[in-house]
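Values below: every heavy atom of this structure, side chains too, minus hydrogens, waters and symmetry copies. Predicted, not measured: the structure shown is a model, and the values here were computed from it. Here, residue 1 is the first one in the sequence, and each next residue gets the next number.
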Amino acid sequence: MMQQEQSLQKADPRQRRWEPEVIKICLNWWAKSPGTYKAFRDSGFLILPSGRLLRYYKNAVNQSPGFQVEMFQWMRQELSRHDPPAHGWCGGILFDEMSIQADLMISSVHGEIRLVGFVNMGEESAAMTIMKTGSTQVNLATHALQLTFQGETGFKFPLAHFPTAEATAPELYHILWNGITSLRDWGFKVTYVCMDWAVHNRSLLKLHFSVDPIIEKFLVSSPLSLKETDKVAFIMDPSHLFKKLLDFTYVSRRTAAHLVKTIKEQLVKCGLKVENVKGQAYDTTAAMSSDNRGLQGLFRKDVPNAVYTPCTSPSIHFLPDL
């Protein structure tokens, strides 16, 4: 910090040199909110690197769609710098697809003008699309598929991104195993894949299992390896499952017995088995939490494994002023 302070005392901004940690913090801030970063920098409260300089650092590595050699090199260098144990090279791939605004942008890379915004999922995906549709028309991307490597020691690195128009299960299959193979070639080992419960992800899961995935414990052998021990586990992201609302239902009576009946009916209506319920969460009022006559108590008489957890949000609101 002393060296950084001495560097900032120079009158000419071009003579300033920034410590790597300062650049790292500012780049993280600027990437999340360029407007907030600019406003704070313009206030003069602290002397910070310009947005232009941060863009140079951000674009130091080729960030084109797909798997890039520069990204794998950077990823390996970053992990090696932390001197990880042997299991630090093991981890999983987390992938998710998010909606983006369909639009075209003109980009200049080393003097070469490019149009950015079209679907780009690799040559194999493009060939499959041509074979399926019989057309070579290129569509605008409406989604972005992001793949991230999460190491067992906490190391996390954005692996690749793909502009898509909602990737199908066969396209995801190819991208996923291409990424797993590329990571293996660079010394990493993928032991699991984590994804949400989207329609195409469920179809991707079915491509890997000829029978019920529960029977095979959600473990699949690599189609690119002859070793039966090289298995990859498929994990459905629990945060998405917990957040998913099944339905809103009007109730004419709010007695515990009527609520139990309504909940069971709605679960059956949604195609779920009541006996498979493993947990329930309500507020702490007697009508909900009582072991004998409350909703959770009556429900557990039929479903013993449905463990009751008091909802914390109402409990916090009930706290007296301190």
| remark: Closest heavy-atom pair, P84 versus L79, reported as atoms and distance to 0.1 Å, is CD-O, 3.1 Å

| message | Under the rule for ring-ring contact (aromatic ring centres under 6.0 Å, His included), what residues qualify as partners of F95, not counting sequence neighbours? | response | none

| query | Quick one: does E166's side chain have a donor or acceptor within less than 3.5 Å of a partner on H143's backbone? | reply | no

| Smallest separation among heavy atoms of L176 and V193, with atom names | CD1-CG2, 3.8 Å

| said: My understanding is that only residues two or more places apart in sequence, or in another chain, count here; which of them pass ring-ring contact (aromatic ring centres under 6.0 Å, His included) with H208? | reply: Y173, W177, F234

| query | Would you say the side-chain atoms of D291 and Q296 include a donor-acceptor pair closer than 3.5 Å? | reply | yes

| remark: Between Q146 and A160, the two heavy atoms sitting closest are NE2-O, 3.2 Å

| task | Answer whether the closest heavy-atom distance between the side chains of F72 and L183 falls below 4.5 Å. | result | yes

| Would F188 and I180 count as a side-chain contact (heavy atoms from CB on, under 4.5 Å) if you check the C-alpha gap in whole Å, the side-chain angles of each, and the deciding distance to 0.1 Å? | CA-CA 9 Å; F188 296 87; I180 293 175; over 6 Å; no

| request: Scan side-chain atoms only and decide if S80 and Q77 contain a donor-acceptor pair under the 3.5 Å cut-off. | output: no

| Interatomic distance, L140 atom CG to I100 atom CD1 [nearest 0.5 angstrom] | 9.5 Å

| field | Separation between SG of C26 and CZ of R41, rounded to the nearest 0.5 Å | value | 9.5 Å

| Point-to-point distance, once rounded to the nearest 0.5 Å, from OG1 of T262 to CZ of R254 | 12.5 Å

| message | Using a 3.5 Å distance criterion without hydrogens, assess whether the side chain of E78 forms a donor-acceptor pair with backbone atoms of M75. | response | no

| task | Could you please spell out the steps behind the side-chain contact (heavy atoms from CB on, under 4.5 Å) verdict for F162 and E97? | result | CA-CA 9 Å; F162 296 85; E97 197 172 35; over 6 Å; no

| said: Any heavy-atom pair between the side chains of N276 and L272 that's under 4.5 Å? | reply: no

| task | Supply the atom-to-atom distance F149 CZ to W186 CH2, rounded to the nearest 0.5 angstrom. | result | 14.5 Å

| Mind checking whether L48 and F40 have side chains closer than 4.5 Å, heavy atoms only? | yes

| query | With the threshold set at 4.0 Å, does a side-chain nitrogen-carboxylate oxygen contact exist between K269 and E265? | reply | no

| said: Within the structure provided, determine whether I93 and T148 are in side-chain contact (heavy-atom separation under 4.5 Å). | reply: no

| Side-chain heavy-atom pair L295, Y308 within 4.5 angstrom cut-off | no

| note | Output for pair (Q150 CD, L159 CG), nearest 0.5 Å, gives 12.5 Å

| Heavy-atom pair of closest approach, residues N178 and F67 | ND2-CD1, 3.8 Å

| request: Would you check if Q280 and V307 make a side-chain contact, meaning some heavy-atom pair closer than 4.5 Å? | output: no

| field | Neighbour count above 12 (heavy atom, 6.0 Å) for K278 NZ | value | yes

| query | So, for T153 and G88, which heavy atoms are closest and what is the spacing to 0.1 Å? | reply | CG2-CA, 3.7 Å

| said: Are L259 and Y282 packed together at the side-chain level, in the sense that at least one heavy-atom pair is separated by less than 4.5 angstrom? | reply: no

| Considering residues at least two apart in sequence or located in another chain, which fulfil the ring-ring contact (aromatic ring centres under 6.0 Å, His included) criterion with F155? | none

| said: Could you report the tightest heavy-atom contact between L298 and A256, atom names first, then the distance? | reply: CD1-CB, 3.8 Å

| Could D302 and K264 be called an ion pair, given the rule that one side-chain N must be under 4.0 Å from one carboxylate O? | yes

| message | Using 0.5 Å steps for rounding, measure from the CG atom of L172 to the CG atom of L205. | response | 12.0 Å

| Do S203 side-chain atoms and V199 backbone N/O form a donor-acceptor pair below 3.5 Å? | yes

| Sub-4.5 Å side-chain heavy-atom contact between K38 and P34 | no

